[in-house]
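Notes for the one structure printed next.
Ligands are counted one by one from 1 in listed order, and the atoms in each one are counted from 1 as well.
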Amino acid sequence: MTATAAMADADRDAVTRDEVLRVEGLRVELRVEKGVLAAVDDVSFALRRGETLGIVGESGCGKSMTALSIMGLLPRPIGRIAKGTVSLEGVGDLARLSDRAMKRVRGNHVSMIFQEPMTSLNPVFTIGFQISEAIRTHERLSREATRKRVIEMLEMVGIPLPEMRYANYPHQLSGGMRQRVMIAMALVCRPQIMLADEPTTALDVTIQAQILKLMNRLKAEIGTSIIFITHDLGVIAKMTQRVLVMYAGVVVEEAAVRDLFARPLHPYTAGLLKSIPRVDPAAGRQRRLHTIKGVVPNLLSLPTGCRFSDRCPDVHEPCRKWEPPLAPPDQTANGSRQVRCWLHRKPPAS
Ligand SMILES: Nc1ncnc2c1ncn2[C@@H]1O[C@H](COP(=O)(O)OP(=O)(O)OP(=O)(O)O)[C@@H](O)[C@H]1O
Ligand SMILES: [Mg+2]
């Protein structure tokens with residue numbers, strides 16, 4: 001029995017049958033010049049089979065660090081998983097895997113696409129060669145079979161004349177085409193999970209819409225579950241079924257996307273929702289955008305109590321004393337919903 005198979009046995013109970021991934025109590029620490037900060041602090045969530053889970057929050061909230069810890073790609077040497085488990089179906093706890101074992105998981109079980117494809121594609125190799133590499137790392141296929149699979153994949157992601165494009169270098173493609181190549185590379189080994197970190201932010205709106213549509217089609221065809229990271233709630237609404245809202249390293253709200261938009265519970269979520277640009281039909285023009293006052297706190301000197309208290313329009317006494325737990329709100333019976341806020345829960349007796 002291989003080490004991975006043995007771990008899979010030991011961890012079989014860690015993910016339930018309809019889940020492909022379960023992250024439990026994840027804490028990611030970064031050693032920076034002024035000390036050690038928790039970029040991700042006690043984050044727990046599950047990714048269900050076939051679902052797209054959104055992670056949303058302002059810059060610096062810990063979205064990318066959460067994704068990179070699932071990929072085993074935290075910045076070195078400063079970053080590490082200090083606590084928690086990342087249980088992947090059929091593999092076990094990724095937080096405990098060696099670098100070598102993690103290399104086998106990347107691309108094969110979990111892959112990631114980034115915001116700027118130019119930084120992830122190597123300019124000196126053809127795109128055909130780079131997608132073939134992704135196959136060669138995990139499977140033994142003949143040269144001919146590999147080439148055939150790459151061309152099929154290029155076709156699948158909507159690249160015209162794939163045989164010709166196979167021999168192109170990244171700079172010969174447009175930004176949208178490069179993002180399609182990245183998606184082809186990520187999905188060519190049919191991973192259980194694809195992590196998409198702001199995959200369309202650098203693209204113009206028309207191309208963005210095409211890429212999002214493509215991701216949804218491939219998700220259905222390949223059966224990959226997706227974690228979709230973005231600061232854009234419009235994209236969240238289009239792409240995801242469930243959402244985690246992150247703030248300063250913690251999850252402040254988790255909800256089905258419909259519930260989140262219908263009734264945000266956390267004042268931070270409400271603030272984010274108010275800042276979505278939309279055309280006001282009555283005025284016939286875009287309304288002035290609401291912005292949340294202030295900035296995300298320095299993770300090395302967090303306020304006492306709730307991390308959002310300094311910016312919260314609804315701040316009251318308990319908020320500056322105790323950090324609220326992430327738990328279902330007192331008033332609803334909806335168990336899938338969670339919020340980290342004293343407005344929705346009785347604070348401890350002082
Ligand atoms: N290489 C690094 N060195 C030091 N601190 C870092 C590094 N990378 C990230 N951080 C810090 O870790 C925290 C979380 O960063 P992360 O990149 O996960 O944020 P994010 O939510 O992805 O933001 P963005 O929307 O800007 O991508 C931030 O406070 C950030 O400053
Ligand atoms: Mg990021």
Could you point out which residue of Arg263, Arg337, Arg340 forms a salt bridge (Lys or Arg N to Asp or Glu O under 4.0 Å) with Glu253? Arg337
Quick one: nearest non-hydrogen protein atom to atom 18 (O) of ligand 1, plus distance? Met65 N, 2.9 Å
Backbone or side-chain N/O/S of Met65 under 2.8 Å of the Mg ion (ligand 2): no
Please state which part of Ile229 comes within less than 4.0 Å of ligand 1, counting heavy atoms only: side chain, backbone, both or neither. neither
For ligand 1, is Gly62 a contact, meaning one of its heavy atoms is under 4.0 Å away? yes
Number the atoms of ligand 1 from 1 as they appear, then name those within less than 4.0 Å of a heavy atom of Ser64, with their elements. 17 (O), 18 (O), 20 (P), 22 (O), 27 (O)
Salt-bridge present (Glu133, Arg136; N to O < 4.0 Å): yes
Can you tell me if Arg31 has over 12 outside heavy atoms packed within less than 6.0 Å of its CZ? no
Salt bridge or not between Glu144 and Lys148? Use side-chain N to carboxylate O under 4.0 Å. no
To which protein heavy atom is atom 26 (O) of ligand 1 closest, and what is the distance rounded to 0.1 Å? Ser59 OG, 2.5 Å
For atom 31 (O) of ligand 1, is the nearest protein heavy atom closer than 4.0 Å? no
Sole candidate of Ile226, Val110, Ile227 that passes side chain to side chain contact (heavy atoms under 4.5 Å, CB included) when paired with Met194: Ile226
Give me the nearest non-hydrogen protein atom to atom 29 (O) of ligand 1 as residue plus atom name, then the distance to 0.1 Å. Leu299 CD1, 3.3 Å
Can an N or O of Gly60 be found at a distance shorter than 3.5 Å from an N or O of ligand 1? yes
Are a donor atom and an acceptor atom from the side chains of Glu58 and Tyr268 found within less than 3.5 Å of each other? yes
Indicate the atoms forming the closest heavy-atom contact of Thr304 with Ser309, along with that distance. O-OG, 4.2 Å
Any protein heavy atom nearer than 4.0 Å to atom 2 (C) of ligand 1: yes
For atom 11 (C) of ligand 1, state which one of Leu30, Asn298, Leu74 supplies the nearest heavy atom. Leu30
Element-labelled atoms of ligand 1 that are located less than 4.0 Å from some non-hydrogen atom of Val32: 4 (C), 5 (N)
Apply the side chain to side chain contact (heavy atoms under 4.5 Å, CB included) test between Gln130 and each candidate in Val150, Val181, Asn122; give the one that qualifies. Asn122
Ser64 and Asp197: side-chain donor and acceptor closer than 3.5 Å? yes
Can you list the atoms of ligand 1 that are under 4.0 Å from a heavy atom of Ala39? 12 (O), 13 (C), 14 (C)
Among His231, Lys63, Glu198, Glu58, whose heavy atom sits nearest atom 25 (O) of ligand 1? Lys63
